[in-house]
Structures are given as C-alpha cells and as structure tokens.
Protein chains: 2
Amino acid sequence: MLCCVAMSRVASKTSKGKKKAEAGPKQVSLRTLAEHLGLSRASVSFVLNDSPMAQTLSAATRQRILKAAEELNYRPNYFARCLNKKRSYLVGVLVPELGEGYVAGILAGIERELLQDKYVYFVSSHQWVPKLIEETPRLLVERGADGVILVNTPLSHAMPFPTVNVGGHKKLTSVANIHLDNRAGAALALEHLAQQGHRRIAFFRGHAESADTEDRWAGICETAARLRISIDPELVVQLDKSLMPPGPSGPEEGYLFGQKLLARRKKFSALFAFNDMSAIGAMSAFRDAGFRLPEDISVVGFDDVHGAAFAYPPLTTVRQPLEEMGELAAQTLLHRIEKGARRADQILLKPKLVVRKSVALAEN
Amino acid sequence: MLCCVAMSRVASKTSKGKKKAEAGPKQVSLRTLAEHLGLSRASVSFVLNDSPMAQTLSAATRQRILKAAEELNYRPNYFARCLNKKRSYLVGVLVPELGEGYVAGILAGIERELLQDKYVYFVSSHQWVPKLIEETPRLLVERGADGVILVNTPLSHAMPFPTVNVGGHKKLTSVANIHLDNRAGAALALEHLAQQGHRRIAFFRGHAESADTEDRWAGICETAARLRISIDPELVVQLDKSLMPPGPSGPEEGYLFGQKLLARRKKFSALFAFNDMSAIGAMSAFRDAGFRLPEDISVVGFDDVHGAAFAYPPLTTVRQPLEEMGELAAQTLLHRIEKGARRADQILLKPKLVVRKSVALAEN
DNA sequence: TTAGGCATCTAAACCGGTTTAGATACAAAT
DNA sequence: ATTTGTATCTAAACCGGTTTAGATGCCTAA
C-alpha cells in the first residue's frame, strides 16, 4: 500500500499537471523515501550517508535503499543537513573589487584549493566602502559560511569565526595572514633600476587604504638609502581612489596619475609603479605625451598580473605568487575550520623579479 | 530566575574558559532569548521579523524584545530560517573561468544588481570541463542557491530550477537568455575594416565550445559576402583550448595562434580576432615578428574588456555591454525566483564599435 | 449575570534531515 | 524453559527557526 502511494507521487512527476500553479515535481524527502521503502527515516539516513550505523543493516536492505534513492532521484535538503551538522562547506571570500588582475589571481588559487575539498565559496566585494568592509565578513558568516577569506582587506578587529587574511594587513595576529614580503619586493625593483643606471626615479605611492602601501614604501625608503638614491618628493605621486570615478580600478588610474607626474615637469628616467595596472596606465600616458618606452622612461610594476607580459613594452615587474597565495589562504582556512587551529599562521612569501622589456639602461 | 540563568550564559561569554576545547561563546538561540524574556519563541519571532503578527503584541513587549535581542547580540540561524522559508537569497553563478576580462565585466554587473536586493551569490568555474558544465548547476542548487546564472556556458537540457543564461547558448528556449547580437557585432567590425580599405582579412574563429562562435562566424560570412570580400580559408585560424596549457586563457592564446597565422606565410592586412584577449596576444606576436602596428597589420577585437583601451596600440573593438548584461541577467533571475515567471525572456543586446588606434588605412 | 469582543500571548506542528537510545525477533547456550 | 546474544531496524529527540490555531484574561454591552 505504502508503496503504491509513493509510486503515484512519483508518477505525478511525469504526468502533465492540470492545475495552473503546479509547484513542480514535489521534491522527494527522506520521509517520502522511507515510506516508499517501508523503512524508517533513520535507516535510510544511515545508508545514504555511509555512516557506521549503516553496517548494522542487512546488505539486502542497503541495496534496496540505494536503488530507491537513485530511482526516485532523491536529493538531500542542504539546509536541513547544515542545521544539524552546523557545517556548510561554504566559504565566504571578500575582495576589494572583482576584475582586478590581482584579485583574479588570488581567487583562482582559492578556487582550485577549495573545489578539491568539496567546498564552495561565495564572493562579495566591498569597493573600499568602509561600512561594507566592516560588515560584510559577518554577513557572510550569517549567510552560512564556515569561515571567511579576506583578500587585501584591512581588518579592524578579530572575528569570532575562522578568518584568513591574504595579501593584507598584518596588524592582527589573531587571524592568519598570508602575505608577500613587500619590503623585499620593493628592494628587488629598486636594485634593478639602480643597476640599469637609474638615479632619478619616480614613484607611485599606494592608496592609503591598501594594506601593502606602508610596507612597500618602507622598503623603497630603506633600499633607496642603502643605494644612496635620493627620493625627490616631487617625483612621488600618491594614488588616490577618491579622484577616480567609482568602479573597478584599472589602468585608468595609472593614466591619470601618470599625467599628473608629467605635469610636475621634473625630469626622471624611471617609474616604479605601485602595481601593474597603474604601470600599464602610466605607460600609456607617457606614450601619449610623446615619450618613447623604455628608452625615455623605464617602468617597473608590481604583481605580475596575467597580461603584464603582453603590455607594450612587456612589463618588467615584481611577481607576487598570487595563485599560490590563494591556495595557501584556502588551505589555512580549511585547517582552521576543521581542526579549529588557534595558532596564528603568519606566512610570508618571497617576491621574484620578472625582467621583461620595460626597463632600459639610463642615458647619462 | 530564568533571567539569571540566561544572564549567566551570556556572562560566560566573557569569562575566560577553563576547559580546553571551549566551543566559543555559545550562540544565543531564539529559545535562549525567549526564556530570558519569559516569553514564547513565537512572540519573539514575530517581533524580530516584523511580521504582521507583531502588531498583536503590546508596544512595551515589542520594545523589550528588540532591546534584549540587541543586548544579547542575537543572530538568527540562517539554515533554520532557510529550512522553513525554502528560500536562501543566494544565487549561484557558473562561469568558464575567473580572471577573464569578459567574465569579470559580467560578474561586476551581476554583483551590483544582486547586492541591491540583499542577495548574495557564489561563483564556481567549470574550466570547460564537460563533466563540470553538466553537474555544477545542480550542485549549486543543492548547495542552497535559489537559482543559477550561467555565464557563457552551453547548456544541454532545461533545468528544474530558475536559470538564466548570459552570453551563451540560445538553443534552449525554456531558460532565459541574455545575449549579444553577435552577427551585428561581426558586421560592425568587418564593415569598419572594409571601410579602411582592407580586403585580405585574417580571422580567429572562436572555440568550438563557446556559444558565441557560430553566430559570430555566421555574421562574418554574411557580411563578407555582402561586401564582396572573400574569406581565404588559409587566413582563418581556429582557436583551440586543447593546444593551450590548462589555466585561465589570456593573451597567450592569441600569441600562439597569431604565430600560427604568420607561419602560413599568406599576406593579410588585418585580423579580426575572436575577442580582445586573443587580439592583444596576437598583436604581441606580430610585433615580435617585426611588424609595425597598425601600419603593417590592423587588428580588431571583440568584447571591449577593461584594459583594451590601454593595449598598444589601443584596441579598436566591438563593445559588448558586459555589465549591463550582468545586471539584466540578475534582474531576470530574481524575477523568475520571486515571481516564478515561466515566460522565456530572450533579450538581445546591440553591440557598438569602439574605434581606437589598432586599425590603419590599408596600403594599396 | 453572562455572552461577546478585544488585546495579548502561547502551544505545538512543521521544515527535512541526523543521531541516540532502545525495541524486536530469532538463534544459540544454559 | 529461560537466559544471553546478535542481527536488524525504529521511535523520538534534536537542530533553530516560522506559523497556525487557539488559550487566557479582561472589558463592555445586553
């Protein structure tokens, strides 16, 4: 009897509905399935989850359950499961803005790692709006994330849930941090320029909001001092989002601040940009102003985003192992979620200089 | 009494735990909160959700509830709520690969629209692996998504949940489709090249997997016929991911196939690439081979990705309104989720030619 | 005095799973 | 015949909310 009832339900799936607002084929629930089989929900649950308890059931019953689940196309309800397990296998990722090469690189790494472990992630971007930076991490967790990865996002206080910061602020030791040795990166770039004979070097100083700005600038100052290169304040341009139209920041910013730099009418033979995007934009501005690249102005970027090699001239830059950073961030987060590790992982990665064709010997 | 019990629970939050594996400050549940207030869970639920039933409670009680929820920092459990509501306010997005400019543009639009409506989305990428293309949409829904947006992803059969396809396959009329008029786009590009005097034009033909390939190619053929331009099969290069290392496809692909094109040693004065990325890569290959751009070879791209303007030479291209497409996709999906609309929205957008500097007059 | 009406609040079912602590039936051992 | 053991399977509590259908007490009108 039960069998018949259940079958008719299933049959209704394929029968053309006569009611207007037919809510689609009613999902088979564990209850439906159990009734159909004439078993208890518990037994069915055991088998479908391969729980140890499943071994206490007869082999025949196990087969029967598996077969029926398949036939009725049973799909467990995700929310119900999460409600007991208190685990969602969902990770939240907060990024400044999508579409930036930097972010894309890290996301690719995160994704690769997470998918391997049957996790899924969701992304949100804060567009550097303070309110969003403050609130989104919690929102992500309230939306069910088991933990959060913050990409290059400043964090004002410890979070009461597993959190990993990648490429950002290292002030908080309570959260894991995966970041690049920015000072070393700055040194690499400056040393290269110096080696090519450049002494009058212009700089893009990073945005005030960015966590990398301070370290990278400190690295520049240290190295400049060591190499006896003086930094001319007139050749230092402060990047500033508030002067840009809202939206994802791309080369436009470099173009604008490149023009600003030229407008100061101070001679320089090289620019060390804050990142690749601004470098590419600046090169465009220089070219439009009639300079030859790299003969008249050499440029060094930072990040080595996907595409830096195809800029013109191909961009010499400091490489951040972006994908690797993403992978490490994901690994660390999963570890914290699953093992509840409280140790503060502080992973510092080394940059590498990638020499292409945007730096020429300085004329003297 | 009840009050005291509840308070001590809360107090334990700040007290330093003595047990090793203290599971952190026990979340306040609706039950805790209700007990603390000496009210029923129902009453509390009404007020906190601003349900009509809340009006049946006295103003004083309402205040008391609100205040207590605030003080105890009550956060409703997302899964429990979803379990009854059968709605998650979560949308799944499936893209071919992250980090592509095309995808980034669409994602930006989707995000803007969704966040406005208090939705959150999660992303997954299929890397053109057939198994993933097939299974991921369902996986996303099983993971709790109310609906799915497919970006430029072929779809073999109708899905039993709200689905919108953007930039993709238009074969399935049961799902909503937001796509570009590819034929018109191809026409725009070819007409422009013809107008500049180009007759010997090379083409990158899109990947077999891509939904845009066929239409765009059809548009090329039509327009070429109309303009009496003959298409030399030797100047048509078929893009093919299987010849590339795995990973996100960027300009590398254009570089490789650009070299392939040159290797055929057939004269041509212009290339109409399949998209901007391949155009940028090809320009790099041409330059490395000693050609001047755009004097020796003109290039037209497709998409107008963020950054096309900063390529060298700045890329003339056919603009897809990517962000707008993303927004429309999100709007359409939400409409389907909330209104359950069954009408098949088929939205066709018009491309626009963006003339920059990668096309020169053909020498004759 | 008593029924009706209103304001306020609650009991309990429900969503769809997981899991603990038995229940039941039958065979072997005493 | 009764106990013990074992192999199968289940009842019911639970996760943390939402929602329906009353319960309760008090005031007013007949």
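By convention in this document, chain letters (A, B, ...) are assigned in the order of the sequence lines, proteins followed by strands, and residues within each chain are numbered from 1. Computed from a predicted model, the values in this text were never measured in an experiment.
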State which residues pass salt bridge (charged side-chain N to carboxylate O under 4.0 Å, His left out) with [X]; sequence neighbours excluded, sorted by chain then number.
X         : result
Glu134(B) : none
Arg75(B)  : Glu142(A)
Glu113(A) : none
Lys67(B)  : Glu71(B)

Check whether any side-chain nitrogen or oxygen of [X] sits under 4.0 Å from OP1 or OP2 of [N], and answer yes or no.
X        : N       : result
Tyr74(A) : dG17(C) : yes
Ser43(B) : dT10(C) : yes
Arg41(B) : dG17(D) : no
Thr61(B) : dC9(C)  : yes
Ser40(A) : dT10(D) : yes

What does the inter-axis angle of the helix from dT1(C)-dA30(D) to dA29(C)-dT2(D) come out as, five pairs per end, nearest 10 degrees?
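Roughly 90°, once rounded to the nearest ten degrees.
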
Residues which pass side chain to side chain contact (heavy atoms under 4.5 Å, CB included) with Leu328(B), listed by chain and number, not counting sequence neighbours
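Scan of Leu328(B) (side chain to side chain contact (heavy atoms under 4.5 Å, CB included), adjacent residues dropped) gives Ile178(B), Glu324(B), Gln331(B), Ile347(B), Leu349(B).
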
Pro137(B): which residues meet the side chain to side chain contact (heavy atoms under 4.5 Å, CB included) condition with it, sequence neighbours left out?
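By the side chain to side chain contact (heavy atoms under 4.5 Å, CB included) rule, Pro137(B) matches Leu94(B), Leu150(B), Met159(B), Phe161(B).
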
Nearest whole Å is fine: how far is [N] [atom2] from [X] [atom1]?
X        : N       : atom1 : atom2 : result
Leu39(A) : dT8(D)  : CG    : P     : 13 Å
Phe79(B) : dG17(C) : CZ    : P     : 15 Å
Leu83(B) : dC14(C) : CG    : P     : 14 Å
Lys86(B) : dG17(D) : NZ    : C1'   : 14 Å
Leu48(A) : dT18(C) : CG    : P     : 8 Å

Contacts of type side-chain hydrogen bond (donor to acceptor under 3.5 Å, both in side chains), residue Asn77(A), not counting sequence neighbours:
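Listed in chain order: nothing, the list is empty.
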
Which residues pass the ring pair (Phe, Tyr, Trp, His ring centres under 6.0 Å) test with Tyr74(B), sequence neighbours left out?
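None.
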
Sequence-distant partners of Tyr78(B), ring pair (Phe, Tyr, Trp, His ring centres under 6.0 Å), two or more places apart:
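In terms of ring pair (Phe, Tyr, Trp, His ring centres under 6.0 Å), with neighbours along the sequence ignored, Tyr78(B) is linked to no residue.
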
Just to be sure I understand the geometry, which residues of residues 135-147 of chain A put a non-hydrogen atom under 4.0 Å away from DNA chain D?
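Close to the strand, none.
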
Taking only heavy atoms on the protein side, list every residue of residues 49-56 of chain A lying under 4.0 Å from any atom of DNA chain C, sorted numerically.
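Heavy-atom cutoff 4.0 Å gives Asn49(A), Met53(A).
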
